[in-house]
Amino acid sequence: MSWLSKVRNSLSSLNKRDTPDNLWIKCPSCGEMLFAQEFEANLSVCPRCEHHGRITAKTRFEQLLDAGFNVLPTPEVPENPLNFRDTKKYTDRLKAARASNPYPDALTNAFGTIEGAKAVLGVQDFKFMGGSMGMAVGEAFVAGVEKAIAEKCGYIICTAAGGARMQEGILSLMQMPKTTVATRRLAAAGLPYIVVLTDPTTGGVTASYAMLGDVQIAEPGALIGFAGQRVIQDTIREKLPDGFQRAEYLHDHGMVDMVVHRKDLKATLAQLLGYLERKEAK
Amino acid sequence: MSKPMKSYLDFEKPIAELDARVEELRTTASGSELDIEAEIAKLAAKSEAMLATTYGKLTPWQKTQVARHPLRPHFVDYVAMAFTDFVPLGGDRLYGEDAAILGGFARLDGKRVMLIGHEKGHDTASRIKHNFGMAKPEGYRKAIRLMELASKFGLPVVTLVDTAGAFPGIEAEERGQAEAIARSTEACLALKVPMVAAIVGEGGSGGAIAIAAANKVLMLEHSVYSVISPEGASSILWRTPEKAADAATAMKVTAQDLLDLKVIDGVVSEPLGGAHRNPEQTAANLAKAIGSELAKLAKLDSAALLRQREDRFLAIGSL
Ligand SMILES: [Zn+2]
């Protein structure tokens, strides 16, 4: 029983490296027992209920970019400028996150092609401190956009974040205008900006670059919102509607262009990039 | 002689006791007893000295309480005391009118500006009307509309920030709270006119930055500005609501800390004992500080203004 609950808890963050051949996992949505390798071969989507599991940045690059992409270096930022500690030191939390993740912070960019179309792809990894936006995420976002401008190609971001990196205090809040400066520069260069909202995208990330795309895509079932559901419930003391803050709910309310199944995501991005080709300067 | 009504915070208890003693002596004294007059003067001086000491070393959590003081001057008070000729403008032209964010034409030292800010309300009825200063998407979309109007006619934009945060509710989410905040922040960054933001009470997270991505950002001496409320940080990071004071300290929410971190450009001093003890003086100090920043920004053309604003935010977090 304990192995099962352990597996269930880690389902959202499975990656190939630590999946033994004979492992079964339970879908957190429908409860179906799934053979781990088949689940991954199915892009970490449950074949029975279509639940889209959370995937790592590395897996996302592999799923969306053609072979031969380059992962871009993560810019360095001041570390723990507030000398923050809650129950643990922020530097210790960072160390622990880095020990269990391949990249040094929550947003990583790669440059490559999508069905032949050049693009810079940024991916936020929920496994790294909940994908939270601090200075490293803001700086990586800016660097990804700068690379796209230099390469005269589009920037695509797959968002995932519980919100702000609270351990960086106000400096994390300042990443909202900072990343918005970058999206404005991309627009000024006439280059496309596509947002793929993945589960979950909330807080200051949603209220900045995650809502500013030329085209807004959401993955099925993804939780997307500004305020957390518990905060809303505590404020209004009402039951939340079914499907509240889910991708389909946002689509119904006009907040995203489309909800795209993971198996169709790469082709959709390639198709969109074809339509959003840079205007020739006159 | 109309002093604003007093309302003491917990940490002001010794001051409240002295003031109560003074009041008591005043009402019991028949007016002829000289030694009572002397005693009153002595106690009043002691109270003032204690106020100076207390406010000279407020903790970040105490400052949070001062920033939220029910009698702290709000947007409507500054409209009356720091600006003239206010013309309120309403509505987002998309859905509704949100009284949590007010705005309109105003004059500062006779010069025209677009004034926008949160209003929390001052009694039960007005607090409900203004939704306690917690704006919905239509509030941010009204701010966008007013900023664009200002840009079109060359009026500098002045914002007064005072919110616990954007409203967390079903209808706010349905109508795109996140998008409204993102677009409002973007609208600040796109302005071709000077913009000065002043945090006058609480600068609460995304609901604040949406109208604070300015060329120059000022803070009143005892206001606070943070990514999440100290209570929120306490319950998430410490997993208890009890650690709000620690969270306020750890997050560095005070004007003095944020000046050191180069997140703000100036601190506007408050009268002894906080803005609520002398709103007129506070408004005068604020008007002077904003006017002085606008005068400096007036020398920049629109390209330079855009560039300065972008560089200001790009620099935060860069090595
Ligand atoms: Zn399932």
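Throughout, protein chains are lettered first and strands after them, A, B, ... in sequence-line order, and every chain is numbered starting at 1.
Only the side chain of B/Leu306 comes within less than 4.5 Å of a heavy atom in chain A; its backbone stays farther off. Contact annotation for B/Ile228: only side-chain heavy atoms (C-beta onward) come within less than 4.5 Å of a heavy atom of chain A. For B/Ala190, the parts lying near chain A are the backbone and the side chain together; criterion is any non-hydrogen pair under 4.5 Å. Using a 4.5 Å cut-off between heavy atoms, A/Met255 touches chain B through its side chain atoms alone.
The greatest number of non-hydrogen atom pairs below 4.5 Å with chain B, out of A/Val77, A/Ile236, A/Ile224, A/Leu173, is found for A/Leu173. Top candidate by heavy-atom pairs under 4.5 Å with chain B, chosen from A/Leu250, A/Leu171, A/Leu212, A/Val231, is A/Leu212. Chain B forms the most heavy-atom pairs under 4.5 Å with one residue out of A/Ala164, A/Ala227, A/Pro177, and that residue is A/Pro177.
Between the CZ atom of A/Phe84 and the CG atom of A/Leu94 there is a distance of 12.0 Å, given to the nearest 0.5 Å.
Nearest heavy-atom pair, B/Val268 versus B/Ala289, reported as atom, atom and distance to 0.1 Å: CG2-CB, 3.6 Å.
With respect to B/Asp162 and B/Lys120, a salt bridge is recorded, a charged nitrogen being found less than 4.0 Å from a carboxylate O.
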At a cut-off of 3.5 Å, what donor and acceptor atoms pair up between chain B and chain A?
from	atom 1	to	atom 2	distance (Å)
B/Glu173	OE1	A/Phe226	N	2.9
B/Glu173	OE1	A/Gln245	NE2	2.8
B/Glu173	OE2	A/Ala227	N	2.9
B/Glu174	OE2	A/Tyr249	OH	2.9
B/Ala182	N	A/Ala207	O	3.4
B/Glu310	OE1	A/Arg185	NE	3.1
B/Glu310	OE1	A/Arg185	NH2	2.6
B/Leu314	O	A/Lys178	NZ	3.4
B/Ile316	O	A/Gln175	NE2	3.4
B/Ile316	O	A/Lys178	NZ	2.9
B/Ser318	OG	A/Glu139	OE1	3.1
B/Ser318	OG	A/Glu139	OE2	3.2

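Looking only at side-chain heavy atoms (C-beta outward), A/Ile149 and A/Leu191 come within less than 4.5 Å of each other. Here the side chains of B/Ile199 and B/Leu218 are not in contact, with every heavy-atom distance at 4.5 Å or above. Annotation: side chain of B/Leu261 is in contact with side chain of A/Leu82 (closest heavy-atom distance under 4.5 Å).
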Stepwise side chain to side chain contact (heavy atoms under 4.5 Å, CB included) check, B/Ile211 with B/His118: CA-CA 9 Å; B/Ile211 59 165; B/His118 303 97; 3.4 Å; yes
Mind running side chain to side chain contact (heavy atoms under 4.5 Å, CB included) on A/Met211 and A/Val195 for me, showing each step along the way? CA-CA 8 Å; A/Met211 278 293 154; A/Val195 176; over 6 Å; no
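Each of A/Val123, A/Leu269, A/Val256, A/Val215 was compared with A/Val196 under the side chain to side chain contact (heavy atoms under 4.5 Å, CB included) criterion, and only A/Leu269 meets it.
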